[in-house]
Amino acid sequence: MSALKRKRGGKGPGGKAKKVKLVENGNKPQTTEMEQNKEITVPPPVDITTWTNWRNKERVLVFSSRGINFRTRHLMQDLRTMMPHTKADTKMDRKDKLFVINEVCEIKNCNKCLFFEAKKKQDLYMWVANVPHGPSAKFLVQNVHTLAELKMTGNCLKGSRPLLSFDPQFDTEPHYALLKELFIQTFSTPQYHPRSQPFVDHVFTFTITDNRIWFRNYQIIEEDASMVEIGPRFVLNLIKIFQGSFGGPTLFENPHFESPNTHRRVIRMATASRLREKQMVKELQKLKRTENKEAVTRDVTDDVFATPAEERPVHIELEAPAAKVVKKNKHKAFKRQRKQNR
Amino acid sequence: MVFGPQNHCLYPIILVNNTMDIIEDDEQLGETSEQDSELSDGELQDAFAKGLLKPGLNFTTQEPKKIVNNVEGLKQCLADFRKNTLPWIERLDMVNLPADDIVAKSEGRLDNKASEDINPDDDFQREMFFYRQAQEAVLEAMPRLLKLKIATKRPEDYFAEMAKSDQQMQKIRKKLITKQIMMEKSEKAKKLREQRKYGKKVQVEVIQKRQREKKAMMSSVKRYQKGMTDKLDFLEGDQKTAKGGAGKGSGGQTPDKKAMNKKGPNAKRKYKDQRFGFGGKKSGTKWNTKDSHNDVSGFRAKVAHGKGGKGGKGGKAGPGGRGPAKGGAKRLGKNARKKMKGRS
């Protein structure tokens, strides 16, 4: 019992504030011990005796390479918070080849691995691997939002078991089916894990849209499925699936994947080509201006529709025209007179 | 090296593999692949003789990249990897389409359920899709979990560490509250602006109404005075409506007015009317005309030469004003009069 208690004391992940105003794991069984002295027995919400049945020994190693930024670091921390069956390790040197990771995992006694690799301080790649023999997959991670964002208003028990929800598209293609299995084994918390909580109060959703996998985490508030997002959230763009762990023959290559370098290159080329086009147009205009322009002579087709008027006899006026008679309105009396006679 | 079209060239192409084999890819286009990069003349001639090369200009091009999709391998790997001994309770995975969109259904819109249909750029639609998928998962999973006796609701007094600290939740709460307050403020400000506008409109209308009423009253009074109408309905009309509305009219005032109007205008008014007409446009009627200038009937020599005196003045029936303050003297000039005024 005491051993269990110690384990449950919980080594929280690094970086969390220690001054937490919560009662850490103030589970009923501890209070029952105290209250037994007062002869009041309160039944525990969870029967601890069944908690020796932890059979599914999955352990996930979560670590990264050098050169990650703060967002990636927080994402890793959040994953460790969400999944109690994870272990952390120090940053891996870039020099080492990837298959060294297998050895690291063996040392730590883990059978799954989530490895984050940052390149050019811009692009984040994630490896999900089943370590000794199994398949592994490499993803490009985009649109990372962490737990700490104020728009993620939900909260859940630390280490509670998640419900995993997959898109039906995961069952249609063989590569998606393999990925689904990999995700299930990596992300689901084993039952009766000593650091887990017995309640199921949040959902991980994996959806395939736009040839990418979108990950969301929601808190279940009510039994009628009203939910709030907890976070973190990210988008995975599959690159390749390998038969071995961090190596081996390629089983699948994503045809829709465009590497971030190519993407940036395309953008740059587009702007460059636009500029070049403008320059070309300007040059053409210059040429046109300096060209010898021929004077436009009489157009042959001008008088096609010309119909000459009839000839009129020339009339020469010898006398001056008569002066115009200026009519004065004599019927109107003066204004003043008019007013007087009113 | 490969031969092929460059920049939309219409010439026939030859594809060359890195392997040493001659592979015919597409006979319709006349594509063939040949041996290695250093194609000697002899080899080219051979190829032409065989009919692999077509006449015209042949360019080099890249071979299209082959994308790996090893379906068999994937299936095999999955079969090896899958842990069939794990019961559902360990994995808790669901596959589901999103729940029914109540809002869309009530509006009668088409419900596109598949994940391919949603537009990834439309943020709201996309997030709502994910939300509904999660909802459906929960709705399906609840009965299963209940059967397996796993609770989803923790009891009220179960205190345990949460994923986000209390501090974080306080921050979130504060942010939400400030947002709400800002929204309310903006709503209030909008309403106030609307009210002011409306109030201004109402005020303007009321003022205009009053002016109209005043004008109407004045014109009807004028008409009565001019003698066009001898009824005093307009006054009573006011009284009637006032009485009907409020039950009390301005009853104290109107009888006096009536009495005054019955006597008719006084003599002074009558004379002025006779001379100047019944109001209306000032159109030069007060100016001298030829006849009025020549009319010397109003001339009194004695007054003109200042010999009239008090008696004389009293006797005359003229429109003359009051006499000078000091008896009998001629009317003083303006400045003198002012001085007088100031003194007295």
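Within every chain, numbering begins at 1; the chains are lettered A, B, ... in the order of the sequence lines, protein sequences first and strands thereafter.
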What part of [X] lies closer than 4.5 angstrom to a heavy atom of chain B: side chain, backbone, both or neither?
X	answer
Phe187(A)	neither
Asn211(A)	neither
Ile220(A)	side chain
Met152(A)	both
Thr189(A)	backbone
Glu173(A)	neither
Pro249(A)	neither
Lys180(A)	side chain

Problem set entry | Residue pair Thr152(B), Phe199(A): steps toward the side chain to side chain contact (heavy atoms under 4.5 Å, CB included) verdict | CA-CA 5 Å; Thr152(B) 53; Phe199(A) 305 104; over 6 Å; no
From [X] atom [atom1] to [Y] atom [atom2], the distance as rounded to the nearest 0.5 Å:
X	Y	atom1	atom2	answer
Leu157(A)	Glu161(B)	CG	CD	10.0 Å
Gln168(B)	Thr153(A)	CD	OG1	11.0 Å
Leu182(A)	Leu78(B)	CG	CG	10.0 Å
Leu86(B)	Arg55(A)	CG	CZ	12.0 Å
Glu229(A)	Phe130(B)	CD	CZ	10.0 Å
His133(A)	Cys77(B)	NE2	SG	11.5 Å

Exercise. Does the side chain of Gln133(B) come under 3.5 Å of the side chain of Ser165(A) through a donor N or O and an acceptor N or O?
Worked result: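 Yes, side-chain donor-acceptor contact under 3.5 Å.
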Exercise. Going by atom types alone, do Gln197(A) and Tyr158(B) pair a side-chain donor with an acceptor below 3.5 Å?
Worked result: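 There is such a pair between these side chains.
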With only heavy atoms counted, which part of [X] is less than 4.5 Å from chain A, the side chain, the backbone, both or neither?
X	result
Arg126(B)	side chain
Glu127(B)	both
Ile89(B)	both
Lys175(B)	side chain
Ile172(B)	both

For this session: Just do the side chain to side chain contact (heavy atoms under 4.5 Å, CB included) check on Val95(B) and Asp171(A) with the steps written out, would you?
Result: CA-CA 9 Å; Val95(B) 177; Asp171(A) 285 337; 3.6 Å; yes
With distance as the sole test, does [X] use its side chain to make a donor-acceptor pair with the main-chain N or O of [Y] at under 3.5 Å?
X	Y	value
Lys164(B)	Gly154(A)	yes
Glu90(B)	Asn56(A)	no
Tyr218(A)	Ala134(B)	no

Exercise. Considering residues at least two apart in sequence or located in another chain, which fulfil the side chain to side chain contact (heavy atoms under 4.5 Å, CB included) criterion with Pro174(A)?
Worked result: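 Partners of Pro174(A) by the side chain to side chain contact (heavy atoms under 4.5 Å, CB included) criterion, ordered by chain and then number, come out as Val71(B), Leu74(B), Lys75(B).
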Exercise. With sequence neighbours left out, what residues match Ser259(A) under side chain to side chain contact (heavy atoms under 4.5 Å, CB included)?
Worked result: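 Checked Ser259(A) against side chain to side chain contact (heavy atoms under 4.5 Å, CB included); matches are Phe257(A), Asn261(A), Thr262(A).
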Exercise. Under the criterion side chain to side chain contact (heavy atoms under 4.5 Å, CB included), which of Lys171(B), Lys179(B), Arg173(B) is the partner of Leu150(A)?
Worked result: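 Result for side chain to side chain contact (heavy atoms under 4.5 Å, CB included) with Leu150(A): Lys171(B).
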Exercise. Is any side-chain heavy atom of Leu178(A) closer than 4.5 Å to a side-chain heavy atom of Phe81(B)?
Worked result: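 When only atoms from C-beta onward are counted, Phe81(B) and Leu178(A) do touch, with a gap below 4.5 Å.
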Taking every heavy-atom pair that is under 4.5 Å apart, which of [options] has the most such pairs with chain A?
options	answer
Asn70(B), Leu145(B), Leu139(B)	Asn70(B)
Ala137(B), Ala151(B), Gly73(B)	Ala151(B)
Met94(B), Lys290(B), Lys153(B)	Met94(B)

For this session: Please name all residues satisfying salt bridge (Lys or Arg N to Asp or Glu O under 4.0 Å) with Arg161(A), sequence neighbours left out, ordered by chain then number.
Result: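 Arg161(A) satisfies salt bridge (Lys or Arg N to Asp or Glu O under 4.0 Å) with no other residue.
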Exercise. Just checking heavy atoms, which of residues 230-239 of chain A are less than 4.5 Å from chain B?
Worked result: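 Hits under 4.5 Å: Ile230(A), Arg233(A).
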Problem set entry | CA sep, side-chain torsions, deciding dist, call: Met162(B), Lys158(A), side chain to side chain contact (heavy atoms under 4.5 Å, CB included) | CA-CA 5 Å; Met162(B) 306 291 276; Lys158(A) 187 168 172 187; 5.8 Å; no
